[in-house]
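All remarks here apply to the structure that follows.
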Amino acid sequence: MVAVDEKLLNELIDDTTIYDINERYREIARLIGIRNFTLLSNYARGDELYFPKAESVLMPARNRKIKQEFNGFNSRELAEKYNLTVKQIHGIVKYEHPAGQISLEDWTNNN
């Protein structure tokens, strides 16, 4: 975007309607708002952007929740809850100790 005074930029964004945006991009503008769409457009400067699938974005948070909820006996329930296999749950919690259980290393260091 051509360097424009911030006040003028805000006025232009405020005067922009959904119909000013190319039909191809209107759904994105509706989802994130015209202001955010304009800022994203300015960031991209005409380049194509790649957006990962939501599953990829949400995976770290999902895995943290699985690790927090894992108790050593609830793999099947977690698999059903998160639409994964028991094997996938075991892969996620592989190095986690179930809630309330200490590691052998911690136990030997304390005794």
Side-chain angles (χ1 to χ4, degrees):
M1 185 174 236
V2 177
V4 177
D5 172 284
E6 187 173 337
K7 181 181 177 192
L8 177 58
L9 176 63
N10 286 324
E11 287 177 19
L12 292 172
I13 291 173
D14 290 341
D15 288 342
T16 301
T17 72
I18 198 72
Y19 300 105
D20 293 328
I21 296 170
N22 184 303
E23 189 174 348
R24 177 179 178 187
Y25 303 108
R26 284 183 192 157
E27 188 58 31
I28 297 168
R30 283 186 184 101
L31 285 170
I32 66 174
I34 292 172
R35 177 171 297 282
N36 287 333
F37 179 78
T38 304
L39 295 173
L40 184 60
S41 297
N42 189 43
Y43 170 79
R45 298 186 183 270
D47 287 344
E48 290 186 29
L49 294 177
Y50 167 79
F51 286 91
K53 291 181 179 180
E55 295 86 15
S56 297
V57 174
L58 300 174
M59 189 183 308
R62 181 205 65 194
N63 291 352
R64 279 192 304 274
K65 288 188 67 63
I66 289 170
K67 289 174 183 179
Q68 290 169 353
E69 295 173 24
F70 179 66
N71 67 15
F73 302 100
N74 61 343
S75 299
R76 184 167 308 286
E77 291 83 11
L78 291 173
E80 288 176 19
K81 178 178 179 178
Y82 291 100
N83 198 30
L84 298 170
T85 65
V86 171
K87 185 175 182 178
Q88 288 172 307
I89 295 295
H90 289 167
I92 292 167
V93 300
K94 188 175 183 179
Y95 300 107
E96 295 296 314
H97 301 289
Q101 180 181 359
I102 65 171
S103 69
L104 182 59
E105 181 181 334
D106 290 340
W107 184 77
T108 56
N109 288 339
N110 291 328
N111 291 318

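All heavy atoms count here, side chains included; hydrogens, waters and symmetry mates do not.
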Take a 6.0 Å sphere around CG of Asp47 and say whether it holds more than 12 heavy atoms from other residues, nucleotides or ligands. yes

For a 4.5 angstrom cut-off between non-hydrogen side-chain atoms, does Leu49 reach Leu40? yes

How long is the span from the CD1 atom in Ile32 to the CG atom in Leu39, to the nearest 0.5 Å? 8.5 Å

Would you say the side chain of Val93 lies within less than 4.5 Å of the side chain of Leu78, judging by non-hydrogen atoms? no

Could you grab the distance from atom OG of Ser75 to atom CG of Leu84, nearest 0.5 Å is fine? 11.5 Å

Shortest non-hydrogen contact from Ile34 toward Thr16: CD1-O, 3.5 Å

Shared hydrophobic cluster, Leu58 / Tyr82 (ILVMFWY, side-chain heavy atoms < 4.5 Å): no

For Asp14 and Arg35, which heavy atoms make the closest approach, and how far apart are they? OD1-NH2, 2.9 Å

Would you say that more than 12 heavy atoms from the other residues, nucleotides or ligands in this model lie under 6.0 Å from the CZ of Arg76, or not? no

Distance from Thr17 atom OG1 to Arg26 atom CZ, nearest 0.5 Å? 8.0 Å

Shared hydrophobic cluster for Phe51 and Tyr25 (ILVMFWY, side-chain gaps under 4.5 Å): yes

Measuring from atom OG of Ser41 to atom CG of Asn22, what distance do you get when rounded to the nearest 0.5 angstrom? 10.5 Å

Test side-chain contact (heavy atoms from CB on, under 4.5 Å) applied to Lys65 and Glu69, Lys67, Arg62, the passing residue: Glu69

Could you tell me whether the side chain of His90 reaches within less than 4.5 Å of the side chain of Lys87, counting heavy atoms only? no

So, taking the atom named OG1 in Thr38 and the one named CG in Leu9, what distance separates them when rounded to the nearest 0.5 Å? 8.0 Å

Taking C-beta and beyond as the side chain, do Phe37 and Arg30 meet within less than 4.5 Å on heavy atoms? no

All heavy atoms of Gln88 vs all of Thr85, minimum pair found to be OE1-N, 2.7 Å

Compare every heavy atom of Ala29 with every heavy atom of Ile18, then report the nearest pair and how far apart it is. CD1-CB, 3.6 Å

Is there a chain of hydrophobic side chains (I, L, V, M, F, W, Y, each step under 4.5 Å between heavy atoms) that links Ile13 to Tyr43? no

